[in-house]
Amino acid sequence: MIDKAVGLETAAQHLKDGMVVMVGGFLGTGSPEKLVQILIEKKIKDITLIANDTAFADQGIGQLIVNRQVKKVIASHIGTNPETGKQFMANELEVELVPQGTLAERIRCGGAGLGGVLTPTGVGTVVAEGKEVLRVNGREYLLEVPLRADVALIQAQVADRSGNLVYDKAARNFNPMMAMAADHVIAEVCDLLPPGKFVEPDSVMTPGIVVDQIVSKEGC
């Protein structure tokens, strides 16, 4: 068994300027706070950030926007962080808004190795600009291309040393999909089981084979 538990400084070695980074969570719920803090402390910049939202100006990944560490955001919602809109309007930050269901499906496609997803969401609107439109059985669909990242930062409730993860209720949100769609996956966990203890196989929500490193949050 490979023990994937590491300290924050070891995990930070995989964080570089200019990376595409996925961060799990939904307005902070299910977000890996310590890993986001490392991005801030290491002053990682020119990030392409893929997340459901940009949280709040003083919380979670919203601080990355305030600190101007992000060059592009791909998200479904930016309204709770005024700084995101401010920088976007000033042409200081590129923002790609994606309907939430489409965002989830694009990440899922990235993890599954698919070429994209067809969705009727956005047909005939600005969402369709620049995208291929296909007609299937008389109905028009947009071809939405997959999303992948260099690194995914996710949060789980419980992990064993092999990286098998269990999430806590709605805090699961985008985390399992992002774990499948990145080249390197770092999981921040509330409860790290001692060596020799394993998550019950039927309880595993993300298998350890897709998790590269685990950072203990020491209780949530």
Side-chain angles (χ1 to χ4, degrees), residues 1-15 19-39 49-53 55 60-61 74-76 100-117 146-220:
M1 184 199 81
I2 299 174
D3 189 340
K4 298 179 179 178
V6 299
L8 277 171
E9 286 298 324
T10 299
Q13 294 174 8
H14 288 272
L15 306 176
M19 296 187 82
V20 179
V21 181
M22 287 183 179
V23 180
F26 190 115
L27 290 176
T29 300
S31 290
E33 297 174 6
K34 282 193 171 184
L35 293 173
V36 170
Q37 194 60 40
I38 280 291
L39 286 172
L49 177 65
I50 303 173
N52 177 64
D53 52 77
I61 58 176
I74 302 175
S76 72
Q100 191 173 80
T102 302
L103 178 65
E105 284 298 298
R106 289 179 65 186
I107 296 169
R108 185 184 66 82
C109 287
L114 302 178
V117 60
L147 289 172
R148 284 193 59 84
D150 298 309
V151 171
L153 307 179
I154 63 174
Q155 190 209 339
Q157 182 66 33
V158 181
D160 59 33
R161 303 284 172 144
S162 294
N164 296 304
L165 305 180
V166 178
Y167 304 95
D168 182 21
K169 307 179 184 68
R172 183 187 310 195
N173 55 63
F174 280 78
N175 287 295
M177 286 180 292
M178 290 180 172
M180 296 290 291
D183 296 338
H184 189 83
V185 177
I186 308 173
E188 178 180 312
V189 302
C190 300
D191 301 313
L192 179 59
L193 299 182
K197 297 290 185 181
F198 296 92
V199 174
E200 286 293 328
D202 285 346
S203 299
V204 172
M205 297 174 179
T206 292
I209 194 170
V210 299
V211 177
D212 296 286
Q213 294 178 313
I214 306 161
V215 173
S216 174
K217 195 173 183 177
E218 299 179 348
C220 296

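Predicted, not measured: the structure shown is a model, and the values here were computed from it. What you see below is based on every heavy atom in this structure, not just the backbone, and it leaves out hydrogens, waters and symmetry mates.
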With rounding to the nearest 0.5 Å, note down the distance linking [atom1] in [X] to [atom2] in [Y].
| X | Y | atom1 | atom2 | value |
| --- | --- | --- | --- | --- |
| Ile154 | Ser31 | CD1 | OG | 11.5 Å |
| Lys197 | Asp191 | NZ | CG | 14.5 Å |
| Ile107 | Thr102 | CD1 | OG1 | 11.0 Å |
| Ser203 | Asn164 | OG | CG | 10.5 Å |
| Leu35 | Leu15 | CG | CG | 7.5 Å |
| Ile209 | Met180 | CD1 | CE | 9.5 Å |

For [X] against [Y], the heavy-atom pair lying closest together:
| X | Y | result |
| --- | --- | --- |
| Asn175 | Gly30 | ND2-O, 3.1 Å |
| Pro32 | Gly24 | CD-O, 3.7 Å |
| Ala181 | Gly110 | CB-C, 4.1 Å |
| Ile61 | Ala55 | CG1-CB, 4.1 Å |
| Val199 | Leu193 | N-CD1, 3.8 Å |
| Ala187 | Val211 | CB-CG1, 4.1 Å |

Is any side-chain heavy atom of [X] closer than 4.5 Å to a side-chain heavy atom of [Y]?
| X | Y | answer |
| --- | --- | --- |
| Leu103 | Phe174 | yes |
| Val166 | Val204 | no |
| Val21 | Asp150 | no |
| Arg172 | Phe26 | no |
| Ile214 | Leu192 | yes |
| Met177 | Met22 | no |
| Gln155 | Glu33 | no |
| Gln213 | Lys4 | no |

Test your reading of the model: is there a side-chain donor-acceptor pair from [X] to the backbone of [Y], 3.5 Å cut-off?
| X | Y | answer |
| --- | --- | --- |
| Arg161 | Gly196 | no |
| Asp212 | Val185 | yes |
| Asp168 | Gln157 | no |

Exercise for review: Could you walk me through whether Ile74 and Leu147 pass side chain to side chain contact (heavy atoms under 4.5 Å, CB included), step by step?
Suggested key: CA-CA 10 Å; Ile74 302 175; Leu147 289 172; 4.0 Å; yes
Practice item. Applying side chain to side chain contact (heavy atoms under 4.5 Å, CB included), run through Met205 and Tyr167 and close with a yes or a no. Key: CA-CA 7 Å; Met205 297 174 179; Tyr167 304 95; 3.7 Å; yes
Exercise for review: Verify whether one side chain among Asn52 and Gln100 offers a donor that lies under 3.5 Å from an acceptor in the other.
Suggested key: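 A pair is found: one side chain offers a donor N or O, the other an acceptor, under 3.5 Å apart.
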Practice item. For Val23 and Leu49, run side chain to side chain contact (heavy atoms under 4.5 Å, CB included): C-alpha distance rounded to whole Å, both residues' side-chain angles, the deciding distance at 0.1 Å, then the answer. Key: CA-CA 7 Å; Val23 180; Leu49 177 65; 3.7 Å; yes
Check your understanding: Does Arg148 come within less than 4.0 Å of Asp183, counting only side-chain N to carboxylate O?
Key ->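 Asp183 and Arg148: salt-bridged.
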Check your understanding: So does Lys34 pair up with Glu188, basic N to acidic O under 4.0 Å?
Key ->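 Between Glu188 and Lys34 there is no salt bridge, as every charged N stays at least 4.0 Å from the carboxylate O atoms.
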Check your understanding: What's the verdict on side chain to side chain contact (heavy atoms under 4.5 Å, CB included) for Arg108 and Leu114, showing C-alpha distance, side-chain angles and the deciding distance?
Key -> CA-CA 8 Å; Arg108 185 184 66 82; Leu114 302 178; 4.1 Å; yes
